[in-house]
Amino acid sequence: MLQTALHYSHTLLKEILQPGDIAVDATMGNGFDTLFMAELVGKTGHVYSFDVQEQALNTTQEKLLEADLSTRAHLYLQGHETIGMILPRETPIKAAVFNLGYLPKSDKSIITLPTTTKIAMDEILLRLAPRGRLILVAYYGHVGGVEELTMVRDYCERLPQEQFSVLNYQFINQKNQPPILFCIERKKN
Ligand SMILES: C[S@@+](CC[C@H](N)C(=O)[O-])C[C@H]1O[C@@H](n2cnc3c(N)ncnc32)[C@H](O)[C@@H]1O
């Protein structure tokens, strides 16, 4: 059976993340991606996770503690647009993931925004390791969602093919705006 965009994002992460790697969860939310990547990077790797909502941090922290993985992640109560202030330029990010939109069952007015998402994408690409992947799963059914989706699509289409391969994964015959996945992979130097 074909995988949903969300499931496929985990397949794409699992294919590349290995013990010792550095990963970024740019939209922590309920912590599913942080937990998933904390398992994959092992004891020697690390996950840097961002969200602007305290609830997201608390839920993610609980999940990590339950799984005894809390030492593998740093959780930041700040926007992903500040990644450049947290991770030095030479940090080799092996994988980064965004789930664009709002946190389900939470305040629907707190959404990711094109301007800050773009800043974070720029900062991550500056640090993306060879064969590293930047994955975005865009939910766009809410007000402002289409603008952000358009920004991400345009951004991806403009990336030079000599340096990056870009994948777009979506179901084109489904109702209710199913999420659309983009995966940017840096080519080997
Ligand atoms: C679709 S949810 C993420 C779901 C998450 N991946 C999970 O596993 O549950 C989007 C999240 O982005 C967060 N967000 C909004 N603006 C942000 C920003 N500038 N930086 C980081 N996170 C942001 C929201 O608070 C929300 O929790």
Side-chain angles (χ1 to χ4, degrees), residues 3-14 17 22-41 46-67 69-70 72-87 93 95-127 133-153 155 169-170 176-184:
Q3 295 180 355
T4 63
L6 199 59
H7 190 180
Y8 194 49
S9 70
H10 280 198
T11 299
L12 290 166
L13 291 170
K14 200 170 178 178
L17 276 178
I22 290 171
V24 171
D25 184 352
T27 53
M28 203 182 322
N30 287 320
F32 291 107
D33 294 336
T34 295
L35 184 69
F36 186 70
M37 294 194 290
E39 281 164 2
L40 293 173
V41 299
H46 210 74
V47 183
Y48 296 88
S49 303
F50 297 81
D51 206 293
V52 291
Q53 297 194 68
E54 202 162 357
Q55 179 195 338
L57 248 80
N58 295 339
T59 311
T60 303
Q61 187 62 32
E62 272 171 35
K63 276 200 175 68
L64 289 169
L65 285 168
E66 265 173 37
L69 294 176
S70 60
R72 297 188 191 181
H74 263 92
L75 312 184
Y76 295 93
L77 181 57
Q78 57 195 72
H80 43 226
E81 61 277 14
T82 65
I83 283 175
M85 291 180 227
I86 302 287
L87 297 182
I93 298 175
V97 66
F98 291 70
N99 274 238
L100 303 175
Y102 59 84
L103 186 60
K105 296 179 191 156
S106 175
D107 185 346
K108 292 188 179 162
S109 69
I110 304 178
I111 55 171
T112 52
L113 296 169
T115 44
T116 41
T117 297
K118 182 181 175 303
I119 293 169
M121 290 173 73
D122 285 342
E123 294 293 343
I124 289 166
L125 285 195
L126 282 171
R127 296 162 176 78
R133 290 177 178 172
L134 164 52
I135 297 163
L136 302 108
V137 179
Y139 294 81
Y140 62 99
H142 56 282
V143 176
V146 171
E147 287 76 3
E148 189 171 40
L149 174 65
T150 304
M151 183 282 289
V152 170
R153 191 186 295 284
Y155 186 106
Y169 180 88
Q170 69 179 112
N176 302 325
Q177 294 133 321
I180 298 178
L181 179 145
F182 298 86
C183 176
I184 303 168

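As the structure lists them, so they are numbered: ligands from 1, and atoms in each ligand from 1.
- The backbone N or O of Gln3 lies less than 3.5 Å from a partner atom in the side chain of Tyr169, making a donor-acceptor pair.
- Taking only nitrogen or oxygen atoms, main chain and side chain alike, Asn30 reaches within less than 3.5 Å of ligand 1.
- Heavy-atom contacts of Gly101 reach the following atoms of ligand 1: 10 (C) (cutoff under 4.0 Å).
- For Ser49 and Thr34, the side-chain atoms include at least one donor-acceptor pair closer than 3.5 Å.
- With values rounded to the nearest 0.5 angstrom, Thr11 atom OG1 is found 4.5 Å from His7 atom NE2.
- In summary, the atoms of ligand 1 found under 4.0 Å from a heavy atom of Ala26, numbered by their order in the structure, are 21 (C), 22 (N).
- Residue contact check: Tyr102 has heavy atoms under 4.0 Å from atoms 1 (C), 2 (S) of ligand 1.
- In this structure, the separation between CD on Glu39 and NZ on Lys14 is 9.5 Å, given to the nearest 0.5 Å.
- For the atom pair Asp51 CG and Ile110 CD1, the distance stands at 8.5 Å (nearest 0.5 Å).
- Ligand 1 places these atoms under 4.0 Å from at least one heavy atom of Met28: 5 (C), 6 (N), 7 (C), 8 (O), 9 (O).
- Between Phe98 and the choices Ile124, Val137, Ile135, the side chain to side chain contact (heavy atoms under 4.5 Å, CB included) rule is met once, by Ile124.
- Numbered from 1 in the order shown, with element, the atoms of ligand 1 that lie under 4.0 Å from a heavy atom of Asp33 read 6 (N), 8 (O).
- The protein non-hydrogen atom at the shortest distance from atom 23 (C) of ligand 1 is Val52 CG2, 3.9 Å.
- Protein heavy atom nearest atom 15 (C) of ligand 1, with residue, atom name and distance: Thr112 CG2, 3.6 Å.
- Comparing Thr115, Leu100, Ile83, Asn99 against atom 4 (C) of ligand 1, the shortest heavy-atom distance belongs to Asn99.
- His80 N, 2.8 Å is the protein heavy atom nearest to atom 20 (N) of ligand 1.
- Checking His10 against Asp33 by side-chain atom types alone, a donor-acceptor pair falls below 3.5 Å.
- Atoms of ligand 1 lying under 4.0 Å from any heavy atom of Ile111, numbered from 1 in the order shown and given with element: 15 (C), 16 (N).
- Distances between N or O atoms of Thr27 and those of ligand 1 include at least one value under 3.5 Å.
- More than 12 heavy-atom neighbours from other residues, nucleotides or ligands sit within 6.0 angstrom of OH on Tyr155.
- Counting non-hydrogen atoms of neighbouring residues, nucleotides and ligands closer than 6.0 angstrom, the NE2 atom of His74 reaches no more than 12 such neighbours.
- The protein atom (non-hydrogen) at minimum distance from atom 24 (C) of ligand 1 is Asp51 OD1, 3.5 Å.
- Using a 4.0 Å cut-off between heavy atoms, Glu81 contacts ligand 1 through its side chain alone, with no backbone atom that close.
- Side chains of Leu35 and Leu69 form a contact here, defined as non-hydrogen atoms less than 4.5 Å apart.
- Using bins of under 30°, 30° to 60° and over 60° for the plane-to-plane angle, the ring pair Tyr76/Phe50 lands in the parallel bin.
- Considering backbone and side-chain atoms together, Phe32 places an N or O closer than 3.5 Å to an N or O of ligand 1.
- Of the polar atoms of Asp25, none of the N or O atoms is found under 3.5 Å from an N or O of ligand 1, judged by distance alone.
- For ligand 1 and Gln53, the ligand atoms under 4.0 Å from any heavy atom of the residue are 24 (C), 25 (O), 27 (O).
- Taking any N or O of Gln78, backbone or side chain, none lies under 3.5 Å from an N or O belonging to ligand 1.
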